[in-house]
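The structure appears below as structure tokens.
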Number of protein chains: 2
Amino acid sequence: MKRELSIKETIQRGANFFMPSLSLDCVIFGFHENELKVLLLKMKNADTWALPGGFIYKEEDIENAAIRVLRERTGLHDIFLRQFHVFGQPSRSEKKFHSNLLRKDGIKVSKDNWILQRFITVGYYALVDFATVTPEPDQSSVACEWKDIYSIQDLFMDHKHILDTALYTLRMQLNYVPIGHKLLPQKFTMPELQKLYETILGKKLDRRNFQRRILSFGFIKRLKETRKGGAHKAPFLYSFDLKKYKKALEQGLQGGW
Amino acid sequence: MKRELSIKETIQRGANFFMPSLSLDCVIFGFHENELKVLLLKMKNADTWALPGGFIYKEEDIENAAIRVLRERTGLHDIFLRQFHVFGQPSRSEKKFHSNLLRKDGIKVSKDNWILQRFITVGYYALVDFATVTPEPDQSSVACEWKDIYSIQDLFMDHKHILDTALYTLRMQLNYVPIGHKLLPQKFTMPELQKLYETILGKKLDRRNFQRRILSFGFIKRLKETRKGGAHKAPFLYSFDLKKYKKALEQGLQGGW
DNA sequence: TTTCATTGCGTCGTTATGACACAATAATAC
DNA sequence: GTATTATTGTGTCATAACGACGCAATGAAA
């Protein structure tokens with residue numbers, strides 16, 4: 001396992017060990033307090049937030065590079081992730097952007113430095129259990145925080161577009177991807193699961209019909225415990241029957257939402 | 001518009017105007033005689049077939065590069081295409097492959113030539129009207145032909161894997177993508193449309209229930225003509241109401257298949 | 001002990017779905 | 001020119017799924 005490189009090292013010698021013109025960005029989804037959240041980095045010397053990203057070593061599988069970035073930002077080793085799109089418009093790489101940021105950081109970059117090339121970026125989205133994540137900024141950022149999906153206005157470069165595309169993809173793949181198991185803790189309540197679906201879909205669902213339908217799939221089992229402490233009636237806890245869940249997702253859950 | 005380059009030019013000077021380490025491959029779907037087909041190239045000096053592909057100019061949008069490749073292979077200018085995956089395993093670029101092929105073609109390549117780098121390839125799938133396509137081989141191939149999806153065993157490098165991924169993606173996006181309008185001629189019969197769905201899904205559907213459901217969406221209108229010439233009762237012709245079709249696809253067609 | 005929002009469990013009418021029957025039709029065989 | 005045959009157009013029927021809603025049970029707070 002390689003240690004994280006300093007910015008200076010990356011700028012000066014990156015061309016030697018990174019793939020040229022290629023980067024990746026991660027949209028890391030989490031679910032907390034009934035909100036769908038994304039892990040963002042606050043950039044040094046700029047009033048902008050950005051998606052966690054990185055470069056790919058010359059002999060590294062892109063997927064592994066994504067796993068590496070995910071590990072560095074969240075501390076997690078076993079993460080569900082899916083590549084969802086490549087962003088390849090020439091206009092997305094504005095040289096001014098980077099050289100200005102780096103100058104503010106006291107780093108001089110020559111005009112032909114590899115970091116100022118045109119970059120293609122591969123987008124990955126990840127589904128993680130909010131509670132187990134320890135957000136960790138990288139070398140070029142001063143903070144790493146969860147942000148509510150619906151509160152995000154602008155991001156660095158084309159990252160807002162990347163985020164929107166990730167969300168669109170997630171919606172389209174809803175019936176093929178283990179959102180419930182990956183975004184919720186082991187034990188969860190029915191209202192929590194429903195809220196998760198509602199925030200991803202961006203619309204309200206009927207409480208009773210949702211429960212009937214989700215249970216009819218047969219991969220969710222009710223436990224004998226309830227979640228006490230809420231302000232009202234204690235809801236039952238549920239958990240996934242992972243074998244059945246996986247099998248159902250392979251075919252795709254039947255029906256729309 | 002740039003003319004197609006010769007192989008020699010590409011090898012010798014490609015590094016000057018192409019993005020390094022980046023290529024694209026196209027899975028071009030067509031529908032003919034009740035079979036879902038893909039456009040393949042038979043490679044020079046090798047008993048293999050490959051997907052049409054190409055490189056990306058340094059200032060070119062990847063999407064445009066895909067459009068360019070599609071135009072060169074099919075003669076079509078207005079094509080529906082979707083980027084579906086990036087293939088980035090280091091093992092997919094085997095140097096032997098290319099240098100052997102090129103040697104057989106009488107072209108010598110030095111060990112550090114850019115064409116022997118590791119390559120990442122962006123996969124696009126396209127939906128085209130079979131009847132309007134004029135298959136055209138490229139510089140490195142001797143033939144360009146339609147092949148039945150279900151008859152394809154092996155392909156060049158990892159192209160079979162790319163093809164399988166495209167097909168999987170198409171299935172998953174079935175309710176969001178205008179397969180009918182793009183793969184069929186303007187006027188088509190109900191059995192033709194049904195066969196299209198059946199071959200993509202890889203399973204049989206009930207004739208009468210299919211018709212009821214597809215018509216209930218409301219974006220297919222029956223014409224007053226029938227398709228004569230078949231061995232039996234002449235079926236009605238239908239065509240799409242494109243406005244309604246587009247609108248329905250934006251939401252995703254409701255229900256599964 | 002009462003209040004109140006939430007949860008668990010149901011009902012009811014409508015719509016969608018899967019399985020199937022039967023008549024109409026166009027080319028072909030006789 | 002008539003019969004044959006495979007295919008298409010239309011409809012039925014029982015069942016399952018779906019959307020909208022009612023109401024009692026619960027647990028914390030008033």
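So that the names make sense, note that chain A is the first sequence line, chain B the second, and so on, each numbered from 1.
Among the protein residues, A:Arg227 comes within range of no part of the nucleic acid, since none of its heavy atoms lies under 4.0 Å from any strand.
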Please walk me through it: do A:Tyr238 and A:Glu192 pass side-chain hydrogen bond (donor to acceptor under 3.5 Å, both in side chains)? CA-CA 10 Å; A:Tyr238 293 82; A:Glu192 284 164 3; over 6 Å; no
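Ring to ring, B:Tyr124 and B:Phe84 are not that close: their centroids are 6.0 angstrom or more apart.
In the displayed structure, A:Gln254 atom CD is contacted under 6.0 Å by more than 12 heavy atoms of other residues, nucleotides or ligands.
Put simply, chain B comes within 4.0 Å of DNA chain C, heavy atom to any atom, from C:dT17 to C:dA27, going 5' to 3'.
With hydrogens and angles left out, the side-chain atoms of A:Asn175 and A:Trp257 include a donor and acceptor closer than 3.5 Å. A:Gln173 and A:Tyr125 form a side-chain donor-acceptor contact under 3.5 Å, judged by distance and modelled atom types alone.
At whole-Å resolution of the value, CD in B:Glu192 and P in D:dG9 are 11 Å apart. One atom, CZ of A:Phe217, and another, P of D:dA17, lie 10 Å apart when rounded to the nearest Å. Distance CD (B:Gln194) to P (D:dG9): 11 Å, rounded to an integer number of Å.
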Treat primed atoms plus P, OP1 and OP2 as sugar-phosphate and everything else as base, then score nucleotides 21-30 of chain D 5' to 3': B for base contact with protein heavy atoms under 4.0 Å, S for sugar-phosphate contact only, - for none. BB--BBBS--
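A side-chain donor-acceptor contact under 3.5 Å links A:Arg171 to the backbone of A:Ile200. With B:Tyr150 contributing its side chain and B:Thr199 its backbone, the two residues share a donor-acceptor pair below 3.5 Å.
Taken from OG1 in B:Thr132 to CZ in B:Phe130, the straight-line distance is 10.0 Å, to the nearest 0.5 Å.
In terms of position on DNA chain D, the residue among B:Thr189 and B:Arg212 whose nearest nucleotide sits closer to the 5' end is B:Thr189.
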